[in-house]
Amino acid sequence: MAVSASEGPSNNGNAINDVETVLNDLSREEIHQLLKAREDRYDGVEVDVENMLNDVRRFPSSLKASLTHWPRQGKKGVWIKVAKEQAKLVPVAIEEGFWYHHAEPSYVMLVLWIPKTPCTIPDNASHQVGIAAFVYNSKGEVLVVQEKCGPFKDSGLWKMPTGRIKQIDTEFIQVVGFRDGHNAPFEKSDLLFVCMLKPISFDIVIEDSEISASKWMAIDKFAAQPKMQQSKLLKDMAGVCVANMEGRCKGFSAIEIPSRKPSAFYGSAINTE
C-alpha cells in the first residue's frame, strides 16, 4: 500500500544498506502492508509506487511482504516503474533481486521473475526504427538533402532524407522495402523503412542542426550520382523507388486497423476483380 504524502521522505540514510534494521523499527501492521499493484495479462503484476515519495522506510517492508504474497497468487513477473524523483527506491528493489529492464528520461523500469522456471520476460526493444523518405513530385523531381553530420557529411552526396524523422508535410503512398542492419548503436538492430511519399507543400524548411542543404533534383540525376552508383545499398534503394514510381513494381500499402491505439497493417493490395 502506498504511503501517504503527509509522511514525507525518510532521512534514514542507512535504510538501504540495512533493511533488517528498518524492519525491526516497524510495527506488525506496517510490515503486512502490501504494495498496490495491477495484474497484467501474463500472470504478472505492475506495481504502483507513484505516491511512495521516496519513502525508503516503508518501501522495504511492503516489498518484502508483497514478494511473499504474489507467489501464492501464482504471479510470475513483477514490474516496478520508478520515476527519477523516486530514485531512492531503486537500491532497495535491487537488493530484492530486481534488475533494470529499460530506462527513459523520466523513469527506470525494474523487473523480477519470481518462479524458479526459465524467465519469459521479453528483453528490452532490440531494434531502432527509421525511414528513408522518397518524396517525389509531378515534375519528375525528388526531394534531396546533404547531411551536416553523419556518414555522408562533406561527401557531396544528395540523398533521400533519412533517420528518425518526426514529421514531413507529405501524403504517405507505400512502403517499398526495408533494410535490417545489425550491430547498430546501443547494441540494437537498425530497421530502415523506405517509403514513397507525395508532397503536400513544395516549400522546403531545413533542419539546421542536421541538414546543410536541400533542394528538388531531377530523378535521373539523383540516381546517376557517382556515390549513389558506388554504394549497392543506395543504388538498390533508389532503383526500387524509381521502379515503383514508374509502375514497374509495387510496395506495401497501409491498411488501418480499428484499435484503441493507432495501428496499421502494411501489405500488397489485393485485386478482387
Side-chain angles (χ1 to χ4, degrees), residues 41 122-147 150-152 157-186 188-207 210-211 214-225 227-229 231-273:
R41 299 179 180 179
D123 293 333
N124 186 21
S126 60
H127 289 68
Q128 57 185 13
V129 179
I131 72 166
F134 190 86
V135 185
Y136 64 96
N137 60 28
S138 58
K139 299 179 181 179
E141 298 172 325
V142 61
L143 180 66
V144 294
V145 300
Q146 288 187 333
E147 293 183 335
F152 298 107
L157 175 68
W158 291 95
K159 59 185 285 291
M160 287 183 271
T162 59
R164 258 54 73 189
I165 297 174
K166 297 180 180 179
Q167 181 177 352
I168 300 179
D169 197 11
T170 59
E171 173 190 353
F172 173 81
I173 304 300
Q174 288 180 331
V175 173
V176 296
F178 69 92
R179 181 222 60 202
D180 185 9
H182 300 282
N183 297 321
F186 311 113
K188 308 295 183 184
S189 293
D190 184 45
L191 288 173
L192 182 72
F193 287 84
V194 183
C195 301
M196 302 291 291
L197 306 169
K198 285 186 177 180
I200 296 175
S201 170
F202 292 92
D203 296 329
I204 298 176
V205 179
I206 295 177
E207 174 57 63
E210 299 181 359
I211 302 299
S214 181
K215 66 179 182 179
W216 292 100
M217 175 183 280
I219 291 176
D220 56 348
K221 292 184 178 179
F222 164 73
Q225 294 178 92
K227 289 189 177 295
M228 186 75 68
Q229 294 295 316
S231 168
K232 178 171 174 53
L233 173 62
L234 295 178
K235 182 179 179 181
D236 288 348
M237 286 171 55
V240 74
C241 288
V242 173
N244 184 280
M245 187 187 68
E246 295 175 346
R248 293 186 284 115
C249 72
K250 291 186 178 181
F252 303 106
S253 301
I255 303 171
E256 297 298 327
I257 299 174
S259 174
R260 290 179 297 174
K261 298 180 180 180
S263 181
F265 169 73
Y266 293 88
S268 298
I270 299 175
N271 188 353
T272 59
E273 296 181 357

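FYI, the numbering just counts along the sequence from 1.
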Output all residues satisfying side chain to side chain contact (heavy atoms under 4.5 Å, CB included) with [X], sequence neighbours left out; order by chain, then residue number.
X    : result
E256 : A264
L191 : H127, V129, F178, D180, F193
S263 : I257, S259
I200 : D169

Which residues satisfy the side chain to side chain donor-acceptor pair (under 3.5 Å) test with [X], sequence neighbours excluded?
X    : answer
K139 : none
N137 : E141
Q225 : none
R41  : none

If you round to the nearest 0.5 Å, how far is NZ of K159 from OG of S214?
10.5 Å
With sequence neighbours excluded, residues passing ring-ring contact (aromatic ring centres under 6.0 Å, His included) with W158:
none
For the student: nearest non-hydrogen atoms of W216 and V135, plus distance
CZ3-O, 3.5 Å
Salt bridge (charged side-chain N to carboxylate O under 4.0 Å, His left out): which pairs involve residues 190-201, sequence neighbours left out?
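Non-adjacent pairs meeting salt bridge (charged side-chain N to carboxylate O under 4.0 Å, His left out): R164-D190, R179-D190.
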Pairs satisfying side-chain hydrogen bond (donor to acceptor under 3.5 Å, both in side chains), at least one member in residues 231-240, at least two apart:
K232-D236
